[in-house]
Student: 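This is the structure, below, for whatever I ask next.
When a ligand or atom number is given, it counts from 1 through the structure's own listing order. We use all heavy atoms of the structure for the numbers below, so side chains are in, but hydrogens, waters and symmetry mates are not.
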Amino acid sequence: MATDCLFCKIVRGDIPATRVAENDHCLAFRDISPKAPTHVLVIPRQHVTSLNQVESATLAGEVLLMAAAIARSEGIAESGYRVVFNTNGDGGQTVFHLHAHLMGGRAMHWPPA
Ligand code: AMP
Ligand code: ZN
């Protein structure tokens, strides 16, 4: 846990979030500023700064499996969706606690801006 990390505060319940799924490894909640009809963030409970710091295949896999499960529960698995890990400056990362953006419910553009 990082005391001054926004997403660690959500894990602890110090900051409210609309939770959509959780298990021993991960937590998922709705993005506060959604960029698609479905826009959910999946994070590990453990503080990991970015994809650059991921050392556990289990942790990475749990995040991805939860994203896929939420795609099913949100009804977008068949229509399609995108899972994105923005990483550091050029990647557009603004919160430095690893998170997967699960986005769907509309057609995505390629390449992303
Ligand atoms: P990134 O820019 O990839 O680091 O993504 C950070 C995301 O966190 C953005 O899409 C924000 O809208 C979202 N966000 C920031 N604060 C909160 C919050 N308190 N609850 C939910 N989502 C948040
Ligand atoms: Zn954190």
Student: Heavy atom of Phe7 under 4.0 Å from ligand 1?
Tutor: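 In this structure, Phe7 qualifies as a contact of ligand 1 - some heavy atom is under 4.0 Å.
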Student: Output the list of atoms in ligand 1 that are nearer than 4.0 Å to some heavy atom of Asp31, sorted by atom number.
Tutor: 7 (C), 8 (O), 9 (C), 10 (O), 11 (C), 12 (O), 13 (C), 22 (N)
Student: Could you identify the single nearest non-hydrogen protein atom to atom 1 (P) of ligand 1 and state the distance to 0.1 Å?
Tutor: His99 NE2, 3.2 Å
Student: Would you mind listing which atoms of ligand 1 come within a distance below 4.0 Å of any non-hydrogen atom of Arg30?
Tutor: 21 (C)
Student: Under 4.0 Å between a side-chain nitrogen and a carboxylate oxygen: does that hold for Arg72 and Glu78?
Tutor: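 Salt bridge absent between Arg72 and Glu78.
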Student: Do Val40 and Asp31 make a side-chain contact, defined as non-hydrogen atoms from C-beta onward lying under 4.5 Å apart?
Tutor: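 No, every pair of side-chain atoms sits at 4.5 Å or beyond.
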Student: So, at under 2.8 Å, which protein N, O or S atoms would a careful student list around the Zn ion (ligand 2)?
Tutor: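 Near the Zn ion (ligand 2), the protein supplies Cys5 SG, Cys8 SG, His47 ND1, His97 ND1.
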Student: Is it the case that the ring center of His99 lies less than 6.0 angstrom away from the ring center of His101?
Tutor: yes
Student: Can you report which non-hydrogen protein atom sits closest to atom 21 (C) of ligand 1, along with the distance?
Tutor: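 The closest heavy atom on the protein side is Ile32 N, 3.3 Å.
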Student: Would you please determine whether Ala17 falls within less than 4.0 Å of ligand 1 on a heavy-atom basis?
Tutor: no
Student: Need the ligand 1 atom indices (1-based, order shown) with element for anything under 4.0 Å from a heavy-atom of Gln93.
Tutor: 4 (O)
Student: Give a yes or no on whether a salt bridge exists between Glu62 and Arg45, defined as a side-chain N under 4.0 angstrom from a carboxylate O.
Tutor: no
Student: Are the side chains of Pro37 and Met103 in touch, meaning some heavy atoms are under 4.5 Å apart?
Tutor: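 SC-SC contact between Pro37 and Met103 ruled out.
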Student: Heavy-atom contact under 4.0 Å between Lys35 and ligand 1?
Tutor: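 Under 4.0 Å: no for Lys35.
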Student: Heavy atoms only, cut-off 4.0 Å: how does Phe29 contact ligand 1, side chain, backbone, both, or neither?
Tutor: side chain
Student: So if I count the atoms of ligand 1 from 1 in the order they appear, which ones are less than 4.0 Å from some heavy atom of Ser33?
Tutor: 12 (O)
